[in-house]
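Contents: one structure, followed by commentary.
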Amino acid sequence: MTAAVLEIAGLDIVVDGGRGPTPLVEDVGFSIPAGAAFGLVGESGCGKSITALAVMGLLRTPLRRTRGRIALAGRDIASADAAELRRLRGREVAMIFQEPMTALNPLQTVGRQIAEMFVLHEGARWRDAEDRAVEALRSVRVAAPERRVRDYPHQLSGGMRQRVMIAIALACKPKLLVADEPTTALDVTVQAEIVELMSDLCAARGTAILMISHDLGLVARMCREIAVMYAGRIVEQAAAADLLSHPRHPYTHGLIGALPRLGARAVRGRARLAEITGVVPAPTDRLAGCRFHPRCGRATGHCHTDAPPSKARQEGGIVRCHHDG
Amino acid sequence: MAGRANLWIGGGLVAVAVAAALFAPWIATHDPVLDANLMLSEEPPGRAFWFGTDTQGRDIWSRVVHGARISLTVGLVSQAMNTIIGTVLGVTAGYWGGWWDDVVSAFTNILLAIPSLIFALAIMAVLGPGLGSLLIALGLTNWTFTARIARAQALALKSQGYVQAARVMGYGDLAIMMRELLPNMAGPLIVIATLGIGGAILSEAALSFLGLGIRPPYPSWGSMLSDARDNIRVVPWLAAFPGLAIFLTVLGLNLLGDGLRDLLDPQSRSRQP
Amino acid sequence: MLRLILARLLAMIPTIAGVALIIFVLFSVIPGSFASALMDDGRGAMDPEVAARMRAALGLDDPLIVRFGRYMRQLMTGDLGTSFRTGEPVARLVGQRIGASLELALAAMGFAMLIGIPLGFYAALRPGSLVDTLAMIGAVSGLSLPKFWLGLMLMYLFAVHLQWLPSFGYGGWRHLVLPALALGVSPLALLARTTRASVLDVINADFVRTARSKGMSETRVVTWHVARNALLLVLTTVGLQFGALMGQAVVVEKLFSWPGLGNLLVESVFQRDIPAVQGSILVLVLFFLVINMLVDIAYVLIDPRIAVQAS
Ligand SMILES: Nc1ncnc2c1ncn2[C@@H]1O[C@H](COP(=O)(O)OP(=O)(O)OP(=O)(O)O)[C@@H](O)[C@H]1O
Ligand SMILES: [Mg+2]
């Protein structure tokens, strides 16, 4: 596994509050081989974004990593000093955020915000960097890039801004692109374009993707391997085809059941869990046992008391359920 | 956390000032106006005169204690006037909208352009010095901020479900304003009023210092400071104590206002620094 | 750009006219007012015939609306009237004072910005730290200090006691220090608080997180991405404070015998020189409006989001 661009093992993240730390993410681990597309799926609030931020080394108070190892291109980010961490961000790993409307600095032209990457990481002079920003914008299929670079974020549509974010992220050819729900805030038609753009560019450059979404269908189309997250834990992880054809965890079952039928277009917004009733427990509930038991049809006694360990699935991958197998 | 400390310290300082005002005759050791004794003038602070005496031999401690009455009266009454004017104009403008809103907004904008101390000074110049003039001058010139907030709140609340429901149920405008709008904007208005009392106390002191507020010999903190200015070399203690009294009272009100804001209106922290 | 400035200037006219009307009415209609006080105050009762002639000469017997119309026409030509006291044009009196007023306001505002903004910035970067706590206690105290008392204390310490600086009057920088300090402390306090709040607002913004994810140093994040956006929010406060400063300066000017507009205003009030009172108030208001207009224009220059709406 030395070829992995990202390795996470035993990651715990807590939020510090008045009554001590509350765990948000527990024992999350997975690894992404170079050039691969990996999907992380789960409902709103399950901890996808903070996992992504942890990968970037961007957790800020009151969020804190308490345990676990995150290695980017073989380099443990916990032991990296500030300068090393800065080099890792941008050069080795880059991130696209959920909300394109606010993710760009409103007072700078998009050209400058792209050019900044070349200045930061390649020591380019501003003049040259701004020329290269035009090319970067062209590569994300923006029409008339030489004019667009002079636009400010508010002059662009959501889809355009997300293209700019992609241009920034891929500017220095990172080995990993963390895409945190890059299309959730966009119109359906634009969503497809952005996903395709990301896939194409990353494939062409050999950049691996950590694709975060609540939309299992989208992730399944894009990624080779998928991890399903529920209330701060990974409940099942497998190759995309296996996961869809042989879901082992009742939650994964539910997610697949909620997918729109073939041919129907994906619905915008949250995946509705047709076969799963009830709501996600809040982190502050500190639910004992399997976090999914209140909503699970198969829950029995020890599901209420013991957290299931992760077990190997027959087809490969892992699952966290007392009733598997 | 800091909010709690603000409330307690601010509340404590204000309580002291209020107590001084209420019980002035019992706390003061001398008559603030009549006990002038030139034989005992310019005494430094000591056992007989805790804060010393002024150039006319009056006890500064007693004058400072009585000064609280003037400051707090002016502060409370004038701010009450401002709150009423600002709330009535703001709520009606926001709720009714239309030409009335335009008129109120235009008027508010014009008043905002006149520095409030200058406006109050102009009114004092016309009415002449005295407590009544002060109440009018300060009570009519500081309501613009209240009006703006009340208007914004009324605009926001007007489209809320429960206000619409009340309208459908046939409540009159007055009833809706009193029962639905006012209670829901009380938080920010109380905060503004608390801070406004402090502002009015500062303005009263400034006007009296200029000789346009409370007329000597009555013990206004501001006019005592005006005395002190002319005699700074002789009776520096006369400069110290009335100013300290203003400072601590206004500080108390400001802390109380900050604390109340954290308590009642937490999202507005960036609106009003 | 020029069109914008012109538009803003035109937009000021109704406000100025409104202010002129309020001030005019205030000094004209209130019974027992100032105008009559001019004639009977001082040397006993005036000969009624002389009084009548004087009223006629001053046009005081015309209906209010006629007098206001005349006043406005006069104002439009830049004529602020003639001083009752000296017989000079008020515009000239004001002109003689405005330099000193500006000097004081600039010095006070410079001092306030130079210390208040960095202080607020520093505090915001370390929320809850000792520096932050002390700065915010200092700020609320600064807002609670009566300016003239602070001035009086400064005067006692530095002029009377230590004798480092002159205690009052107008002259070189040594005369400017104490009044500027006394006047500058409350805008300083307000700027520290506003800056802190703005920086805290901006530092949690999404685009700052983006900036960090790009791999830049925290210093660069703060100076390139946080500072500009936060200062944009502070600009309004700077404008409002600066605009109001010349008005607030009245007490400080009086305390230090500073020959500014505020002092002219107070002197004129005591001398019952209505045209001079009205004139100084109008000029103070004009100054306030011009500063705020400049701030509006600065926004258009700095903030691309506004530029689009304006053009
Ligand atoms: N700064 C923070 N302070 C406190 N709690 C936080 C913070 N950030 C996230 N959380 C909590 O952590 C949990 C996981 O949040 P996260 O943003 O990772 O969810 P998500 O899976 O990305 O959901 P979404 O689909 O809505 O983006 C949530 O319960 C959220 O309330
Ligand atoms: Mg998220």
Side-chain angles (χ1 to χ4, degrees), chain A residues 49 52-53 55-61 80 82-110 112-122 150-156 161 164-165 168-169 171-172 174 177-178 180 185, chain C residues 121 123-129 131-133 195-196 198-236 238 295-311:
Chain A
S49 292
L53 288 176
V55 169
M56 300 296 295
L58 285 176
L59 289 178
R60 289 174 62 79
T61 37
E84 171 95 37
L85 208 56
R86 286 204 296 276
R87 200 190 58 80
L88 286 174
R89 281 183 211 137
R91 280 219 90 119
E92 305 287 341
V93 53
M95 183 159 174
I96 304 174
F97 296 94
Q98 209 162 338
E99 194 42 76
M101 303 318 264
T102 52
L104 291 165
N105 187 339
L107 300 188
Q108 283 186 354
T109 62
V110 296
R112 200 156 175 98
Q113 295 185 55
I114 299 171
E116 195 172 23
M117 290 298 282
F118 302 119
V119 173
L120 284 170
H121 294 287
E122 296 173 12
R150 269 176 269 134
D151 282 350
Y152 288 92
H154 72 272
Q155 293 168 289
L156 303 178
R161 293 188 211 187
V164 171
M165 282 302 292
I168 292 175
C172 295
L177 174 66
V178 178
D180 184 6
Chain C
F121 225 104
L125 296 181
R126 293 158 189 74
S129 68
V131 175
D132 180 29
T133 312
T195 307
R196 178 179 181 274
S198 310
V199 171
L200 282 177
D201 249 19
V202 172
I203 212 154
N204 289 316
D206 283 355
F207 70 84
V208 174
R209 193 183 52 190
T210 304
R212 291 206 178 92
S213 82
K214 287 161 100 174
M216 65 187 77
S217 66
E218 196 57 27
T219 319
R220 192 186 170 101
V221 170
V222 168
T223 50
W224 284 61
H225 292 275
V226 176
R228 243 179 72 159
N229 285 276
L231 289 182
L232 196 64
L233 300 176
V234 176
L235 191 56
T236 310
V238 171
V295 167
D296 278 357
I297 291 172
Y299 268 105
V300 175
L301 292 180
I302 303 172
D303 192 339
R305 287 164 296 188
I306 299 178
V308 166
Q309 291 163 11
S311 62

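Sequence lines set the chain letters: A, B, ... in the order given, protein chains first and strands last, and positions in each chain run from 1.
Between C:Phe207 and A:Pro153 there is no side-chain heavy-atom pair separated by less than 4.5 Å. Inter-residue side-chain proximity for C:Trp224 and A:Arg112 is flagged as met; some heavy-atom pair is nearer than 4.5 Å. The shortest side-chain heavy-atom distance between A:Arg86 and C:Arg220 does not fall under the 4.5 Å cut-off. Proximity of A:Gln98 to C:Asp206: side-chain heavy atoms (C-beta onward) are nowhere separated by under 4.5 Å.
For the atom pair CE (C:Met216) and CG (A:Leu120), the distance works out to 5.0 Å, reported to the nearest 0.5 Å. With values rounded to the nearest 0.5 angstrom, C:Ile203 atom CD1 is found 6.0 Å from A:Arg60 atom CZ.
For the set A:Ala171, A:Gly90, A:Ala103, the count of heavy-atom pairs under 4.5 angstrom toward chain C peaks at A:Ala103. Chain C forms the most heavy-atom pairs under 4.5 Å with one residue out of A:Met117, A:Met165, A:Met95, A:Arg87, and that residue is A:Met117.
Using a 4.5 Å cut-off between heavy atoms, A:Ile96 does not touch chain C at all. With a 4.5 angstrom heavy-atom cutoff, A:Met101 does not touch chain C via any of its atoms.
In this structure, the side chain of C:Arg305 does not engage the main chain of A:His154 through any donor-acceptor pair within 3.5 Å. Formation of a donor-acceptor pair under 3.5 Å by the C:Lys214 side chain with backbone atoms of A:Gln113 is found in this model.
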C:Arg209 and A:Glu99: CA distance, side-chain angles, deciding distance, salt bridge (charged side-chain N to carboxylate O under 4.0 Å, His left out) verdict = CA-CA 12 Å; C:Arg209 193 183 52 190; A:Glu99 194 42 76; over 6 Å; no
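Heavy atoms only, all atoms of each residue included: A:Pro106 and C:Pro304 are closest at O-CG, 3.3 Å. Closest approach of A:Leu107 and C:Ile302 over heavy atoms only: CD2-O, 4.1 Å. When every heavy atom of C:Arg212 is checked against every heavy atom of A:Arg89, the shortest pair comes out as O-CD, 3.3 Å.
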